Amino acid sequence: MLQGLTFFTDDAIWRQILSDLGAVAAGDAGTADVAFVPPGGKLSPVGLKAEFLRQLDEQRAAAMSKIFGGRRADISPAQEKIVLLLFKRKGMSIRQLNEALGYSEDTKTHTIETVIYQLRKIFGAGFIKNDNGIYRLGRARTQ
């Protein structure tokens with residue numbers, strides 16, 4: 001039901017429930033798609049999924065607003081995922097990005113480099129900086 005999504009929560013019971021629904025527990029909030037706040041009251045599995053997705057959307061929107069200074073950024077889901085990862089983690093290597101995006105370490109792909117190139121083309125060369133192999137977010141130029 002929640003396949004492909006990562007979460008973080010301190011509550012062991014909710015970790016188990018969300019894992020049983022297919023979400024993957026992250027070691028810390030910085031690597032999770034959503035820092036899950038357990039809702040009060042009883043929820044059906046469908047209600048729980050809706051609450052999880054609501055929190056995910058809310059947290060993504062808040063982070064994207066912070067990154068782009070309140071402006072709307074019309075970017076692809078892959079671009080958004082990389083921007084959010086770099087924002088949350090304060091920088092990552094290509095290997096870490098590959099791992100976070102679910103690519104096998106044996107996979108030879110230039111997908112991430114291509115997405116970074118596209119983001120730099122849209123928002124300027126200084127938007128994603130490479131400091132000794134660690135990619136970090138810089139400042140987006142106004143579209």
Side-chain angles (χ1 to χ4, degrees), residues 1-124 127-131 133-143:
M1 184 181 267
L2 298 174
Q3 285 79 8
L5 297 173
T6 60
F7 70 92
F8 175 79
T9 185
D10 288 330
D11 188 300
I13 293 170
W14 278 103
R15 266 195 309 276
Q16 185 60 54
I17 291 168
L18 293 169
S19 294
D20 289 348
L21 292 172
V24 176
D28 63 73
T31 60
D33 291 320
V34 63
F36 185 72
V37 178
K42 293 175 102 177
L43 286 177
S44 68
V46 171
L48 175 60
K49 180 178 182 180
E51 176 62 18
F52 186 92
L53 294 175
R54 184 193 67 74
Q55 288 186 31
L56 174 66
D57 287 343
E58 200 172 89
Q59 291 175 27
R60 278 184 177 165
M64 292 297 284
S65 178
K66 192 171 187 175
I67 293 164
F68 292 102
R71 295 184 321 266
R72 188 177 177 322
D74 190 22
I75 59 178
S76 73
Q79 291 168 334
E80 181 180 285
K81 181 79 171 173
I82 288 174
V83 167
L84 288 171
L85 281 167
L86 293 176
F87 175 74
K88 288 180 179 182
R89 297 282 300 271
K90 310 293 186 224
M92 298 175 79
S93 68
I94 285 293
R95 185 188 58 74
Q96 290 169 323
L97 283 164
N98 275 324
E99 183 179 299
L101 294 171
Y103 294 112
S104 166
E105 87 179 55
D106 297 335
T107 303
K108 301 289 185 216
T109 181
H110 294 286
T111 302
I112 293 170
E113 290 95 336
T114 301
V115 171
I116 289 171
Y117 170 79
Q118 293 167 343
L119 287 165
R120 286 175 170 160
K121 191 172 177 183
I122 297 167
F123 299 109
F127 181 57
I128 297 180
K129 300 176 181 181
N130 184 342
D131 298 323
I134 302 297
Y135 288 93
R136 300 183 198 294
L137 283 184
R139 211 173 200 113
R141 102 174 151 226
T142 306
Q143 285 185 323

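Please read all numbers here as calculations on a predicted model, not as lab measurements.
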Under the salt bridge (Lys or Arg N to Asp or Glu O under 4.0 Å) definition, can you give me all pairs with a residue in residues 35-44, not counting sequence neighbours?
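As it turns out, there is no salt bridge (Lys or Arg N to Asp or Glu O under 4.0 Å) pair with a partner in residues 35-44 once direct neighbours are skipped.
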Can you list every salt bridge (Lys or Arg N to Asp or Glu O under 4.0 Å) pair that touches residues 6-20, not counting sequence neighbours?
none
Can you tell me how far [atom2] of [Y] sits from [atom1] of [X], rounded to the nearest 0.5 angstrom?
X: F87; Y: I67; atom1: CZ; atom2: CD1; value: 5.0 Å
X: K49; Y: L21; atom1: NZ; atom2: CG; value: 9.5 Å
X: L86; Y: I116; atom1: CG; atom2: CD1; value: 6.5 Å
X: Q96; Y: I112; atom1: CD; atom2: CD1; value: 10.5 Å
X: E113; Y: N98; atom1: CD; atom2: CG; value: 7.0 Å
X: Q118; Y: I128; atom1: CD; atom2: CD1; value: 10.5 Å

F68: what forms a ring pair (Phe, Tyr, Trp, His ring centres under 6.0 Å) with it, not counting sequence neighbours?
F123, F127
Set of ring pair (Phe, Tyr, Trp, His ring centres under 6.0 Å) partners for Y135, sequence neighbours left out:
none
What pair of heavy atoms forms the shortest contact from [X] to [Y], and how long is it?
X: A73; Y: M64; result: CB-CE, 4.4 Å
X: L85; Y: A100; result: CD1-CB, 3.8 Å
X: F8; Y: G27; result: CE1-O, 3.6 Å

Those residues that, when tested against T111, pass side-chain hydrogen bond (donor to acceptor under 3.5 Å, both in side chains) (two or more places apart):
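T111 satisfies side-chain hydrogen bond (donor to acceptor under 3.5 Å, both in side chains) with T109 only.
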Any residue meeting side-chain hydrogen bond (donor to acceptor under 3.5 Å, both in side chains) with S76, in chain and number order, not counting sequence neighbours:
Q79
By salt bridge (Lys or Arg N to Asp or Glu O under 4.0 Å), D131 pairs with (sequence neighbours left out) R136
Using salt bridge (Lys or Arg N to Asp or Glu O under 4.0 Å) as the criterion, list what pairs up with R95, not counting sequence neighbours.
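If we apply the salt bridge (Lys or Arg N to Asp or Glu O under 4.0 Å) test to R95, skipping adjacent residues, the hits are E99.
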Are the side chains of L53 and L5 in contact, using a 4.5 Å heavy-atom criterion?
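Touching, per the 4.5 Å side-chain cut-off.
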Side chain to side chain, V115 and K81, heavy atoms closer than 4.5 Å:
no
Applying side-chain contact (heavy atoms from CB on, under 4.5 Å), can you list everything that pairs with [X], at least two apart in sequence or on another chain?
X: Q55; answer: V34, F36, V37, E51, Q59
X: S65; answer: none
X: T6; answer: V24, A32, D33
X: Y117; answer: K121

Using a cut-off of 6.0 Å, state whether more than 12 heavy atoms not belonging to R54 lie near its atom CZ.
yes
